[in-house]
Amino acid sequence: QVQLVESGGGLVQTGGSLRLSCAASGGTSSDYAMGWFRQAPGKEREFVATISWVGRTSYADSVKGRFTISRDNAKNTLYLQMNSLKPEDTAVYYCATRTGTIPYTAPTNYVYWGQGTQVTVSS
């Protein structure tokens with residue numbers, strides 16, 4: 001029903017920046033809460049940032065002040081601007097959407113997921 005496609009990942013040096021995009025199609029609603037999550041090797045998938053349909057945002061403490069989540073409801077696209085990247089940010093980044101409006105931060109609240117895009121930060 002819903003398809004999410006991430007793009008924008010890659011290899012970057014410490015202190016660099018990347019902009020991730022997530023294009024949604026196939027029946028998503030612009031009212032749904034969306035989020036970015038990441039999973040590093042040997043670690044559980046973790047919350048990065050979420051955004052509600054009215055633009056309220058929430059960030060993990062580890063990325064506050066460095067990452068910015070935004071959405072273009074007209075284009076059904078989610079973004080994550082990542083600045084001042086650190087090696088600890090290395091992970092596969094996933095976008096996801098709920099089938100509701102509340103921007104919960106736990107990954108288990110999200111129904112549809114993209115395939116992920118690799119972000120690697122070299123030291």
Side-chain angles (χ1 to χ4, degrees):
Q1 181 181 358
V2 175
Q3 182 177 345
L4 303 174
V5 181
E6 302 97 336
S7 62
L11 175 65
V12 65
Q13 294 182 331
T14 297
S17 298
L18 287 172
R19 181 177 173 86
L20 306 184
S21 298
C22 173
S25 63
T28 58
S29 171
S30 61
D31 292 346
Y32 291 165
M34 299 185 72
W36 288 97
F37 302 83
R38 66 188 183 186
Q39 187 165 20
K43 299 181 67 176
E44 295 182 349
R45 189 169 299 184
E46 66 178 4
F47 155 71
V48 175
T50 58
I51 187 167
S52 75
W53 72 288
V54 295
R56 185 175 185 272
T57 59
S58 183
Y59 296 93
D61 289 341
S62 60
V63 306
K64 284 182 179 178
R66 300 189 298 118
F67 292 7
T68 302
I69 188 172
S70 61
R71 67 191 298 172
D72 186 334
N73 290 337
K75 296 181 178 179
N76 226 9
T77 302
L78 182 72
Y79 303 96
L80 185 68
Q81 179 65 47
M82 310 165 67
N83 298 327
S84 301
L85 284 162
K86 305 174 181 178
E88 303 94 281
D89 296 317
T90 296
V92 176
Y93 283 70
Y94 300 88
C95 69
T97 184
R98 296 196 65 229
T99 54
T101 59
I102 306 301
Y104 298 118
T105 58
T108 53
N109 290 288
Y110 290 78
V111 177
Y112 298 104
W113 295 81
Q115 292 300 120
T117 184
Q118 177 70 48
V119 172
T120 302
V121 185
S122 62
S123 60

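Please read these numbers as outputs of a predicted model, since none were measured by experiment. Computation of the quantities below employed the complete heavy-atom set of this structure, encompassing side-chain atoms and omitting hydrogens, waters and symmetry-equivalent molecules.
Annotation for Gln81: atom CD counts as buried by contact number, over 12 foreign heavy atoms lying within 6.0 Å. Residue Trp113 qualifies as enclosed at atom CH2: its count of foreign heavy atoms under 6.0 Å is above 12.
Here the shortest heavy-atom pairing between Pro103 and Thr50 reads O-OG1, 3.6 Å. When all heavy atoms are compared, the tightest approach of Thr105 to Ser58 is CG2-OG, 4.0 Å. Residues Leu80 and Ala49 come closest through the heavy atom pair CD1-CB, 4.5 Å. Between Val12 and Ser17, the shortest heavy-atom contact is CG2-N, 3.9 Å. Pairing each heavy atom of Cys95 with each of Glu6, the nearest pair is N-OE2, 2.9 Å. Here the closest heavy-atom approach between residue Arg71 and residue Ile51 is recorded as NH1-O, 3.4 Å.
Asn73 CG to Met34 CE: the interatomic distance, rounded to the nearest 0.5 Å, is 9.5 Å. Separation of atoms CH2 (Trp53) and CD1 (Ile102) is listed at 11.0 Å; rounding is to 0.5 Å. Here the OG1-CG distance, from Thr99 to Asp31, works out to 12.5 Å after rounding to the nearest 0.5 Å.
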| task | Take Val63 and Arg38 through the test side chain to side chain contact (heavy atoms under 4.5 Å, CB included) and record every step on the way to the result. | result | CA-CA 12 Å; Val63 306; Arg38 66 188 183 186; 4.0 Å; yes
| Test side chain to side chain contact (heavy atoms under 4.5 Å, CB included) applied to Val119 and Leu20, step by step | CA-CA 9 Å; Val119 172; Leu20 306 184; 4.1 Å; yes
| said: side chain to side chain contact (heavy atoms under 4.5 Å, CB included) for Gln13 and Leu85? Distances and angles first, verdict last. | reply: CA-CA 8 Å; Gln13 294 182 331; Leu85 284 162; over 6 Å; no
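Checked against a 6.0 Å centroid threshold, the rings of Tyr110 and Tyr94 do not count as neighbours.
Proximity of Thr14 to Pro87: side-chain heavy atoms (C-beta onward) are separated by under 4.5 Å at one or more points.
The aromatic rings of Phe67 and Tyr93 sit tilted relative to each other, their planes meeting at an angle between 30° and 60°.
Residue pairs satisfying the salt bridge (Lys or Arg N to Asp or Glu O under 4.0 Å) criterion with at least one member in residues 93-118, sequence neighbours excluded, are absent.
Grouping the Ile, Leu, Val, Met, Phe, Trp and Tyr side chains by contacts below 4.5 angstrom, directly or via other members, places Trp36 with Met82. Cluster annotation: Val111 and Val5 are assigned to distinct hydrophobic clusters (Ile/Leu/Val/Met/Phe/Trp/Tyr, side-chain heavy-atom contacts under 4.5 Å, transitive). By the rule that hydrophobic residues join a cluster once side-chain heavy atoms approach within less than 4.5 Å of another member, Tyr112 and Phe47 end up as members of separate clusters.
In terms of modelled atom types and a separation under 3.5 Å, the side chain of Tyr59 and the main chain of Ile69 share a donor-acceptor contact.
Asp61 has a carboxylate O that lies under 4.0 Å from a charged side-chain N of Lys64, or vice versa, which qualifies the two as a salt bridge.
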